[in-house]
Each structure stands twice: as C-alpha cells, then as structure tokens.
Amino acid sequence: QVQLVESGGGLVQAGGPLTLSCVASGGTFSNISLGWFRQPPGKEREFVGVISRNGGLTAYPDSMKGRFTISRDNAKNTVYLQINSPKPEDTAVYYCAATPKVLPGRGEFDYDYWGQGTQVTVSS
C-alpha cells in the first residue's frame, strides 16, 4: 500500500514560482509511475502529467505543455510539479497519484493510489 502526501500549496501571486512536492511511503518508490492531476473549483479533475518510474519519460496533455514540469528524486521518494508563471486559472486542488504500471494513461482509473491533495490559489 502506497501512501502519498502532497505539500507546497497555498496562496501565491500570479507569475511567482511554485513547486509542489509529493512524498511517497509504503512501497518501492522506483517501482511506481507518478502522475499529477488537478481539480479547479466547480470542475472535474483533470490530468496534468505523468513521470515514468526512472524519471526518464514525462508526458503532458497539450494544454499543460510548456508551463508544467514534473520531476522526481528516487533517493528522496519525492515527485515534484513545477508550475511556471502560475495564473489565476491554475487555482485548483492538486493531487499526485501512483501506479505500478509502466506506461499509465491519462485517466484517473489508471492510478491506484492517491494523495489527499493540496490547495493552490493563484491571485492576480
């Protein structure tokens, strides 16, 4: 059983640097792929991106390319989501999710373990 805990959210100014972290425990970190999702207020949860087990492959939907960067440190059991120049429309609860699948897809059903989420509010 993998437990995930996100951190780094809060109130941030538009354009400011923002990096979220997610620490995993309860499993072998290098054996899991990790994804990030977000849920804006009043909207459905959406896929932000995914990173492979060794960190060598990342994938993002077109809407997220360029401003979102996922990385991981297997020595620290941590995955990161960097948001470049955050905008008010990036306001959402951000979740990390994990799966042992080598190439998970973009759907929530592709992931077996979820964190509790961290709220990000971007002010203009």
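Scope of the values below: all heavy atoms of this structure, side chains included, with no hydrogens, waters or symmetry mates.
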Quick one, Phe47 with Tyr60, criterion ring pair (Phe, Tyr, Trp, His ring centres under 6.0 Å). Give me CA distance, side-chain angles, the key distance, then yes/no.
CA-CA 8 Å; Phe47 176 68; Tyr60 309 89; 8.2 Å; no
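Of all the heavy atoms in Ile70 and Gly49, the pair that sits closest is CD1-C, 3.2 Å. Residue Leu18 comes nearest to Gly8 through the heavy atom pair CD1-O, 3.6 Å, listed as atom of the first residue, atom of the second, then distance.
At least one donor-acceptor pair under 3.5 Å links the side chain of Thr78 to the backbone N or O of Lys76. Checking side-chain atoms of Glu6 against main-chain N and O of Gly117 turns up a donor-acceptor pair under 3.5 Å. A distance-only check finds no donor-acceptor pair linking the side chain of Ser85 to the backbone of Gly15 [under 3.5 Å].
Side-chain contact, Thr19 with Gln82: no donor N or O sits under 3.5 Å from an acceptor N or O.
Within the model, atoms CG of Asn54 and CG of Asn31 stand 11.0 Å from one another, a figure rounded to the nearest 0.5 Å. Distance check, rounded to the nearest 0.5 Å: CD1 of Ile32 to CD1 of Ile51 gives 11.5 Å. Distance check: Ser25 OG to Asn77 CG gives 8.0 Å after rounding to the nearest 0.5 Å. In this structure, CD in Gln119 is found 10.0 Å from CD in Gln39, a value given to the nearest 0.5 Å. Distance CG/Leu34 to OG/Ser52: 9.5 Å, rounded to 0.5 Å. Separation of atoms CE (Met64) and CG (Leu81) is listed at 9.5 Å; rounding is to 0.5 Å.
Residues Gln3 and Gln1 meet the side-chain proximity criterion, which asks for heavy atoms closer than 4.5 Å. In this structure, the side chains of Asn84 and Phe68 stay at 4.5 Å or more apart for every pair of heavy atoms. Inter-residue side-chain proximity for Val50 and Trp36 is flagged as unmet; no heavy-atom pair is nearer than 4.5 Å.
Classification of the Tyr111-Phe37 ring pair by plane angle, with boundaries at 30° and 60°, yields perpendicular.
At most 12 non-hydrogen atoms from other residues, nucleotides or ligands lie less than 6.0 angstrom from CD of Glu44.
In the hydrophobic clustering of ILVMFWY residues, with side-chain heavy atoms under 4.5 Å counting as a link, Val12 and Ile83 come out together. Hydrophobic clustering (ILVMFWY, side-chain heavy atoms < 4.5 Å, transitive): Tyr80 and Tyr113 are in distinct clusters.
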Distance-only criterion, 3.5 Å: show the donor-acceptor pairs between side-chain atoms of residues 90-106 and protein atoms not counting sequence neighbours.
residue: Asp90; atom: OD1; partner: Arg38; partner atom: NH1; Å: 2.9
residue: Asp90; atom: OD1; partner: Arg67; partner atom: NH2; Å: 2.9
residue: Asp90; atom: OD2; partner: Arg67; partner atom: NH1; Å: 2.8
residue: Asp90; atom: OD2; partner: Arg67; partner atom: NH2; Å: 3.1
residue: Asp90; atom: OD2; partner: Lys87; partner atom: N; Å: 2.8
residue: Thr91; atom: OG1; partner: Pro88; partner atom: O; Å: 2.9
residue: Thr91; atom: OG1; partner: Val122; partner atom: N; Å: 3.0
residue: Tyr94; atom: OH; partner: Arg38; partner atom: NH1; Å: 3.0
residue: Tyr94; atom: OH; partner: Asp90; partner atom: O; Å: 2.7
residue: Thr99; atom: OG1; partner: Lys101; partner atom: N; Å: 3.1
residue: Thr99; atom: OG1; partner: Asp110; partner atom: O; Å: 3.3
residue: Thr99; atom: OG1; partner: Asp112; partner atom: OD2; Å: 3.1
residue: Lys101; atom: NZ; partner: Asp110; partner atom: O; Å: 3.0

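Cation-pi check for Arg72 over Phe29 is met; the charged atom lies under 6.0 angstrom from the ring centroid and within 45 degrees of its normal.
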